[in-house]
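Taking it in order: structure first as structure tokens, then the write-up.
Note that this is a predicted model, so its numbers are computed, not measured. Ligands are counted one by one from 1 in listed order, and the atoms in each one are counted from 1 as well.
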Amino acid sequence: MPATTLARFQRITPQQLRAFEATARLLSVTAAAKSLYVSQPTVSVQLRELADTIGEPLFEPTGRKIRLTQAGEVLYKTVRELAGCWQRFEANLAAINGLESGRLRIAAVTTAEYFVPDLLGPFVTAHPGIEIELAIENRDRIVQRLQQGIDDLTVMMMPPHDPALERMVFQQNPLIVIAAQAHPQQGKAITLADLANERWLMREAGSGTRMAVEEHFQRLQFTPNVVMSLGSNEAIKHAVAAGLGIGVLSEVAVCPPPLQPNQPSTMAPGIAMLTVEHFPCVRHWSAVWHKTNPLSVAARAFIAYLQHR
Ligand code: PGA
């Protein structure tokens, strides 16, 4: 800003601009004074000082009323722009504060426990003031929480078909067939029919993994010989490693990301992936929320982070 402009701008006070804005809007000094709870002479003085600083008359008489001069019109437009600019500043400030403190409640299905904490790492480092609450439950219970509006965001593979929900897909979720390391079909390319006589181990009813596997098999018209339902990914892995049967799990549960960033991810001990036609069955991870619930600043920031990772 040139020095003379800056000097002129610095002589203008917020009170003068307020008096001018009210007078320009109401086209009456008396009404402006009343709306600002000050006396009429106070407004008149502020308007005169403002006009002196600008070097132009801002109002002119028209009959018994007043109207803006051309310079007054330009100043009125500028003052409204300044007000808009300030409002944007206030909104941005609120957004920054929202990211400096506050809570982000995330609910995730059990399988997401293998990668959601890793996902949170960089976000938490960037926003150390945000307190994260992470609830992990199986799909059925997560859907209940979603219906009750308990959490800001939900991470799941199979969101319910509900038009009131918004979803953002952010990552693939391949489901793979696993068997004990010593399984005779290990290392061969096989068909589902080759596994017709196997003992299949399934996640419990209410699990999203089970739902996805059942849907997949139904589409392929394959009926597995299910001999056992187990309530967690870990239980399935142990049972498979012990040779109790074969199963389908999310790859991330079988081959979780390493705890140290530079290490390779390794298969859970005693388990091998079978190379079966129609597998991996590729599903996706989504962040889900209610369209009508206004998202908190922290939730919006987390969605943007998931999107642009
Ligand atoms: P699960 O759910 O961990 O309960 O199997 C997976 C999902 O629904 O995304």
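Polar contact with ligand 1: present for Thr110 (N/O pair, distance under 3.5 Å). The shortest N or O to N or O distance between Asn233 and ligand 1 is not under 3.5 Å. At least one N or O atom of Thr111 sits closer than 3.5 Å to an N or O atom of ligand 1. On a distance-only criterion, Arg210 and ligand 1 share no N/O pair closer than 3.5 Å. Of the N or O atoms in Ser207, one or more lie within a sub-3.5 Å distance of an N or O in ligand 1. Residue-to-ligand polar distances place Met157 within reach of ligand 1: an N/O pair is separated by less than 3.5 Å. Here's the thing with Arg139: one of its N/O atoms is less than 3.5 angstrom from an N/O atom of ligand 1.
The minimum heavy-atom distance linking Met156 with Val288 is given by the pair CG-CG2, 4.0 Å. The nearest pair of heavy atoms linking Thr69 to Pro57 is OG1-O, 2.7 Å.
With Phe9 as the aromatic partner, Arg11 does not meet the cation-pi criteria of under 6.0 angstrom to the ring centre and within 45 degrees of the ring axis.
Counted by atom type alone, Thr111 and Asn233 present one or more donor-acceptor pairs between their side chains at under 3.5 Å. Using modelled atom types, one finds a donor on one side chain and an acceptor on the other under 3.5 Å when comparing Asn138 with Glu204. Between the side chains of Gln147 and His290, no donor-acceptor pair of N or O atoms lies under 3.5 Å.
For Arg145 and Asp151, the salt-bridge test passes: some basic side-chain N is under 4.0 Å from an acidic carboxylate O.
Near Trp285, with a cut-off below 4.0 Å to any heavy atom, the atoms of ligand 1 are 9 (O). For ligand 1, the atoms lying closer than 4.0 Å to a non-hydrogen atom of Asn138 are 4 (O). Each of the following atoms of ligand 1 lies closer than 4.0 Å to a heavy atom of Arg203: 1 (P), 3 (O), 4 (O), 5 (O). Near Met156, the atoms of ligand 1 lying under 4.0 angstrom from a non-hydrogen atom of the residue are 9 (O).
In this structure, the ring of Phe302 has its center no less than 6.0 angstrom from the ring center of His127.
When the options Thr209, Val213, Val109 are ranked by their closest heavy atom to atom 5 (O) of ligand 1, first place goes to Thr209.
Distance CH2/Trp285 to CG/Leu119: 10.5 Å, rounded to 0.5 Å.
Among all non-hydrogen protein atoms, the one lying nearest atom 2 (O) of ligand 1 is Gly208 N, 3.3 Å.
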